[in-house]
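Contents: one structure, followed by commentary.
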Amino acid sequence: MKHPEIEKRIKELMSEMTLEEKVGQLHQAGGSLVGAFDLTLEEILTMVADGRMTEEEGHNMLSEARRDWHEDDLRAGRIGSYIGVLSAEEMNRLQHIAVEETRLGIPLINGVDVIHGFRTITPIPLAESCAWDMELWQRTARMSAEEATAAGVHMTFSPMVDVSKDPRWGRIAESAGEDAMLNGLYGEAKVRGYQSDDLTRHDAMAACVKHFAAYGAAEGGRDYNRVDMSPQRFEEEYLPSYERAVKAGARAVMPAFNDLSGVPCSVNKKLLTDILRKRWGFDGMTISDANAIAECINHGIAADRRDAARQALNAGMNMDMTSGCFLDHVKELVEAGEVSMDTLDEAVSNILRLKFELGLFDDPYRSNAEEEKAAMLKPEYRALAREAAQKSMVLLKNSGLLPLKEGVRIGLAGAMASNGDEMCGTWAGAVQPGDCKSIRDGMDEERIGYAMITEEPLPDCDVFVCAIGERKAESGEAASRASLELTEADIALLKRLKESGKPVVTVVFAGRPLCLGPAVEYADAVLMAWHPGTEAGPAILDLLFGRVNPSAKLTASFPAATGQCPTLYYDHIRTGRPAGKFKYTSKYLDAPVEPLFPFGFGLSYTSYRYSEISATQTGNGIHAEITVQNTGDRAGDEIVQCYFRDPAAQRVRPVRKLAAFEKVTLQPGEIKRVAFDIPETALGYYDQDMNFVIDDGLIEIHIGGNVRDTLLADVDYRNA
Ligand code: NOJ
């Protein structure tokens, strides 16, 4: 929200700025690598990825390399922002140049990808979403902000709220899964946590909501690919999560790499101006994705860099992340009348507004080396990372083996058992080798005896703990997969352990849903650990030994076969021939219709009974209730889910849609009545002519512990 005092200061400052200085504010620069080697950052990363260099060698090279921050450009007022300055000292040095050596002394803003932690790493977003816990999401975001700001960060390129229905897409790891409402709530909590209620606080950082819009719908799950969908689907399933995060007060928005029905988001006026500014009233800053403005040439929509700059600025883009198109061409575009001075001024004022809001003009040096050192990996941060990991791991199978008894003799197997550095997952830029604890580290720390299983023969033990799955580089950006099956090596290991006749617990690490059929077949228990972060090992042991009762539930369906994608997701649309035994129905000949594990699924060490569902119409929506009883002998947290379905609508609607949820704690034997109020707008959708409508008549309410196991109540909406 605009503040009159800030608006006055923006105006005064802009009246003194030259055209060149205005253009300089639009440019975000990155640091180029310089050092005793002739390798670019991309080459080093490629060498690590293809095995020519170990990760540690790559890490050392990058941390030793000096970065050229283009200081002459900075002095000349040609840089308004940096991406990726990772230390307070370096940031202060650059900030001094901006504040003391440029003509107008406008401070820099430093943006960094702080996605699921800065130095203390919490579970990847997809994992953390499985906690269905806004309070937790906000607390972990606050921790990220405290560490990151101590290292000189002013803005994070997070939250990502791209609804992700296709697990082949590597960036599903960064999302809150396949449901629109969950992504929105996740985004809202993160924005609150990062920004706090006062952006001028030294430990507050601006949130940048991304990737606007519908990046998660990339065709075939292939990264950077096209997105083409009906306006109704876009409004109902993809847009709401961005709206929620923006309306929670996020001060920046990043358009997506992809095109949306033929118009790249970077030059998409409908998105950047009509929806974002005019409809939602957003008055923060837009910033492109890396090099995305220049890539409009590759999209085949811009003739050259000048043309790309013109289209982007006129569409509503404010800051150019690293492509340099704005820096090189906006001056001549304004002089030629192809971009109006008003458009340029609007972009500059949005950028300056954020700098004022953060308090950077009055207080540009927000941390120092000492504060930075003291802020990292505090014991309470490790404790929170452990709690978040406990609440994010989903128990998928347990035929009575878990929890393990203390003193049990463990055989520890699998490629993921002892590599702590693999635990942090995608986007953990400030993490240092050795920060994160593997299962083995956790066992060493607790002095739990185990034998490592490497080769034959298998040692004498009571139970095998087998750690398999994806390495961190196998999910995230540019890590889409055509196959979601487990590797042959993982399957062979599981088989070998099974054949020993001893019970097997499989712990799966991954940044996405995988086809876990073989794990389910060969193991007695399966724990989906995702990439759990700094305290991976200890949190896994807490769950395996039953010191903590698992409570997480899936926010993305798990496929039985890769070919089920992309129709796997829970809220798919109804067809005229729903899958059935009859041949001519909607299904595959060679794969099941249902996912292996449905949306909302997750086991616990206790059990719950659902009964007495009721649903009634209220003045402006539906009130529903259900009784949930803990029928086991352990306390537990149950995530109760409320779905609805509109059986006779004016347009084809999803088979089920999540409307509300509640996480309840139940002691053994305890019974609670859980209530939901579904606002009328949640029942609405867009008709053929894009009118938002809410139907009269029958609405089915389904409540249960996952989307497949629910009780039903009917409401005759507005006809009662
Ligand atoms: C590309 C990614 O798409 C985006 O999410 C990220 O914030 C930028 N690069 C900056 O690293």
Side-chain angles (χ1 to χ4, degrees), residues 27-33 40-42 44-45 62 67 81-86 109-118 124-126 141 144 148 151 153-164 169-176 183 186-187 190-191 194 205-218 221-227 241-242 245 250-260 264-266 284-296 298-299 312 317-324 425-431 473 475-480 511:
H27 180 56
Q28 183 178 61
S32 324
L33 290 182
T40 63
L41 171 64
E42 284 69 25
I44 296 174
L45 294 177
L62 290 178
R67 263 158 226 258
S81 170
Y82 281 113
I83 174 172
V85 182
L86 289 179
I109 182 167
N110 177 29
V112 170
D113 289 284
V114 184
I115 309 297
H116 53 113
F118 183 72
I124 54 165
L126 181 59
S144 302
V153 178
H154 307 130
M155 168 170 66
T156 173
F157 301 120
S158 174
M160 181 182 113
V161 293
D162 303 331
V163 169
S164 309
W169 191 50
R171 301 197 80 170
I172 192 173
E174 298 173 58
S175 80
N183 273 282
Y186 174 85
K190 290 295 171 190
V191 169
Y194 293 142
M205 63 182 174
C208 177
V209 172
K210 68 188 189 186
H211 304 84
F212 190 53
Y215 184 30
R222 183 162 152 174
D223 214 355
Y224 316 118
N225 223 295
R226 81 181 295 193
V227 174
S241 53
Y242 306 99
R251 299 310 288 140
V253 169
M254 182 191 292
F257 277 129
N258 54 278
D259 77 272
L260 185 62
C265 297
S266 303
M285 170 183 112
T286 54
I287 173 168
S288 80
D289 204 335
N291 202 43
I293 296 175
E295 287 165 17
C296 288
N298 293 344
H299 276 290
M317 187 76 86
N318 301 155
M319 189 177 272
D320 172 0
M321 186 189 280
T322 66
S323 88
T426 184
W427 288 121
V431 82
S475 66
E477 188 180 349
S480 292

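One-based numbering, in listed order, for ligands and for the atoms of each. Since the structure is predicted, the reported quantities are computational estimates derived from the model, not experimental observations.
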Element-labelled atoms of ligand 1 that are located less than 4.0 Å from some non-hydrogen atom of [X]:
X	value
Ile83	10 (C), 11 (O)
Trp427	11 (O)
Lys210	4 (C), 5 (O), 6 (C), 7 (O)

Does either side chain, that of Asp162 or that of His211, offer a donor lying less than 3.5 Å from an acceptor on the other one?
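Yes, a side-chain donor-acceptor pair sits under 3.5 Å.
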Shortest protein heavy-atom distance from atom 8 (C) of ligand 1, along with the residue and atom involved
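For atom 8 (C) of ligand 1, the nearest protein heavy atom is Asp289 OD1, 3.2 Å.
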What residue and atom, counting heavy atoms only, is the protein's closest point to atom 6 (C) of ligand 1, and at what distance?
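The answer is Asp113 OD1, 3.2 Å.
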Where's the contact between [X] and ligand 1, heavy-atom distance under 4.0 Å: side chain, backbone, both or neither?
X	answer
Tyr215	neither
Arg171	side chain
Met254	side chain

Could you tell me if any non-hydrogen atom of Tyr224 lies under 4.0 Å from any atom of ligand 1?
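So Tyr224 does not count as touching ligand 1.
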Under 4.0 angstrom from ligand 1, any heavy atom of Met321?
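For ligand 1, residue contact (heavy atoms, under 4.0 Å) with Met321 is present.
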Between CG on residue Asp113 and CD on residue Glu477, distance to nearest 0.5 Å:
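Asp113 CG to Glu477 CD: 8.5 Å, rounded to 0.5 Å.
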Output the distance between atom OG (Ser81) and atom CD1 (Ile109), rounded to the nearest 0.5 Å.
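Reported to 0.5 Å precision, the distance equals 6.0 Å.
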Between Ile172 and Ser164, what is the shortest heavy-atom contact and its length?
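Scanning both residues completely, I find the closest heavy atoms to be CG1-CB, 3.4 Å.
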Can you list the residues that meet the ring-ring contact (aromatic ring centres under 6.0 Å, His included) rule with Phe257, with sequence neighbours excluded?
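Phe257: ring-ring contact (aromatic ring centres under 6.0 Å, His included) contacts with Tyr224.
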Can you spot which of Asn258, Asp289, Asp223, Asn225 makes a side chain to side chain donor-acceptor pair (under 3.5 Å) with Tyr215?
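Going through Asn258, Asp289, Asp223, Asn225 one by one, the side chain to side chain donor-acceptor pair (under 3.5 Å) with Tyr215 is satisfied by Asp223 alone.
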Close side-chain approach of His116 and Glu174, heavy atoms under 4.5 Å
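His116 does not reach Glu174 side chain to side chain.
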